[in-house]
Amino acid sequence: MSLRIWFVVAVTVIAIAAAVLVPAMPQPLDYHDFADHREMFGVHNFLDVASNGAFLIVGVIGLVVTLGPRARFQYSVERWPYAVFFVGVLTTAAGSAYYHLAPDNETLFWDRLPMTVAFMALVASQVVDRINIRVGIGLLIPMLVLGAATVVYWRLTERAGHGNVMPYGILQGYSVVIMLLMATLPSRYTRGNDLYWVFAWYVLSKLLETFDPQVMALGHVVSGHTLKHLAAAIAPIAVCQMLMRRTLIDPASQR
């Protein structure tokens, strides 16, 4: 294995160790206090709820592209991590909309669970594209289980009165770091650098989430969290474009 692959393995081991060793931290309750509480058409927090429709649209488009003839795959089995990724995006629409109707720890569980599906499936897809097809496909289900386990664990600890959101937080940070590391590895396909666009839209979405009230204060038209949903939904579009436009690189040209 190359030095960069060993680095990916090392980061994975460090993340697992951190999830076990870092002191527990409960979910801050002020997280649920978003800037836009306006009700429209009888729906509380209307724009934060309705903006999740972007995930629904992009998830459906992504599944149509991934399972159809327009996506470029050397082997059909390579479709599955991407298909699961778009299922995660699609179900995030329902989970996040449900959460924003009545934000609290119980409903937040349904927001986070499908997001872990999307995170883990996208990581597995890049293992397939850049490291090894069999390894990536073999890791898909274990990674999905691991991602879901961090959210289930957080929920159980909150209900037990000693909440610990750190494993989920570390998983989310790990997903971002590992995707950046993956982007430095050569892909079997062209347009491998499109992965950086996914990262860029994700970073923008986190900035909008962080500055939710400040964005809302700019004219009181729309909040940062509403725009966060729209920015985060653009990231899967970059994945769609990559799948449709890429071509298989001649192995001889990579030597």
Side-chain angles (χ1 to χ4, degrees), residues 8 51-96 112-133 135-137 139-141 143-144 147 171-209 227-249:
V8 168
S51 56
N52 286 288
F55 292 115
L56 174 63
I57 294 169
V58 173
V60 171
I61 292 173
L63 282 172
V64 170
V65 168
T66 302
L67 299 177
R70 297 187 66 184
R72 308 294 179 86
F73 295 102
Q74 184 180 13
Y75 303 105
S76 182
V77 70
E78 297 177 54
R79 297 178 187 273
W80 296 113
Y82 286 103
V84 174
F85 166 70
F86 284 112
V87 167
V89 173
L90 178 64
T91 52
T92 293
S96 183
R112 286 178 168 169
L113 186 61
M115 286 197 294
T116 65
V117 171
F119 292 152
M120 295 293 94
L122 190 59
V123 171
S125 75
Q126 296 311 300
V127 175
V128 169
D129 285 2
R130 299 167 189 267
I131 297 179
N132 184 279
I133 297 173
V135 171
I137 297 299
L139 283 174
L140 178 59
I141 291 179
M143 291 181 73
L144 293 174
L171 177 82
Q172 191 176 42
Y174 164 79
S175 301
V176 176
V177 172
I178 214 69
M179 290 297 291
L180 276 177
L181 290 176
M182 290 282 192
T184 69
L185 299 173
S187 174
R188 291 181 296 114
Y189 298 93
T190 60
R191 303 192 67 88
N193 286 341
D194 285 8
L195 203 59
Y196 289 115
W197 283 109
V198 178
F199 172 75
W201 284 110
Y202 176 81
V203 170
L204 177 59
S205 73
K206 297 304 289 185
L207 288 172
L208 290 167
E209 179 182 45
L227 293 178
K228 174 236 179 167
H229 291 158
L230 301 180
I234 295 176
I237 294 177
V239 177
C240 279
Q241 291 180 326
M242 177 187 73
L243 294 179
M244 290 189 294
R245 296 177 180 177
R246 70 185 188 174
T247 58
L248 187 66
I249 298 174

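The figures that follow rest on heavy atoms only: side chains count, while hydrogens, waters and symmetry mates do not. Quick caveat, the model's predicted, so the values are computed rather than measured.
A 4.5 Å side-chain heavy-atom check between Phe86 and Val239 finds at least one atom pair inside the cut-off. Here the side chains of Met182 and Val127 are in contact, with some heavy-atom distance below 4.5 Å. Between Val128 and Arg188, the closest side-chain pair of non-hydrogen atoms falls below 4.5 Å. The shortest side-chain heavy-atom distance between Asp129 and Arg246 falls under the 4.5 Å cut-off.
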Throw together a table of side-chain donor-acceptor distances under 3.5 angstrom for residues 117-126, partners on residues two or more places apart or in other chains.
{"from": "Ser125", "atom 1": "OG", "to": "Leu122", "atom 2": "O", "distance (Å)": "2.6"}
{"from": "Gln126", "atom 1": "OE1", "to": "Arg130", "atom 2": "NE", "distance (Å)": "2.7"}
{"from": "Gln126", "atom 1": "OE1", "to": "Arg130", "atom 2": "NH2", "distance (Å)": "3.4"}
{"from": "Gln126", "atom 1": "NE2", "to": "Tyr82", "atom 2": "OH", "distance (Å)": "3.0"}

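One N or O on the side chain of Arg79 and one on the backbone of Gly68 form a donor-acceptor pair closer than 3.5 Å. With hydrogens and angles ignored, the 3.5 Å screen pairs no side-chain donor or acceptor of Tyr189 with any backbone N or O of Phe73. Using a distance-only test at 3.5 Å, with no hydrogens or angles considered, a donor-acceptor pair links the side chain of Thr190 to the main chain of Thr247.
Taking CG of Leu171 as the start and CD1 of Ile178 as the end, the distance is 11.0 Å to the nearest 0.5 Å. Between the OH atom of Tyr174 and the CG atom of Leu181 there is a distance of 9.0 Å, given to the nearest 0.5 Å. Here Glu209 contributes atom CD and His229 contributes atom NE2; the two are 8.0 Å apart, rounded to the nearest 0.5 Å. Note: Phe55 CZ to Thr92 OG1 = 6.5 Å, rounded to the nearest 0.5 Å. The CD atom of Glu78 sits 7.5 Å away from atom CD1 of Ile137, with the distance rounded to the nearest 0.5 Å. Taking CE from Met244 and CZ from Arg70, the interatomic distance works out to 5.0 Å, rounded to the nearest 0.5 Å.
Identified under the side-chain hydrogen bond (donor to acceptor under 3.5 Å, both in side chains) test for residues 52-69, with sequence neighbours left out: Asn52-Ser96.
Ser205 meets the side-chain contact (heavy atoms from CB on, under 4.5 Å) test with Tyr202, Lys228, Ala231, Ala232; sequence neighbours excluded.
Within 6.0 Å of CG on Leu180 lie more than 12 heavy atoms contributed by other residues, nucleotides or ligands.
Taking all atoms of both residues into account, the shortest heavy-atom contact from Leu230 to Ala54 is CD2-CB, 3.9 Å. Nearest approach of Pro236 to Val58, heavy atoms of both residues: CB-CG1, 3.4 Å. Here the closest non-hydrogen pair linking Gln241 and Arg191 is O-NE, 4.4 Å.
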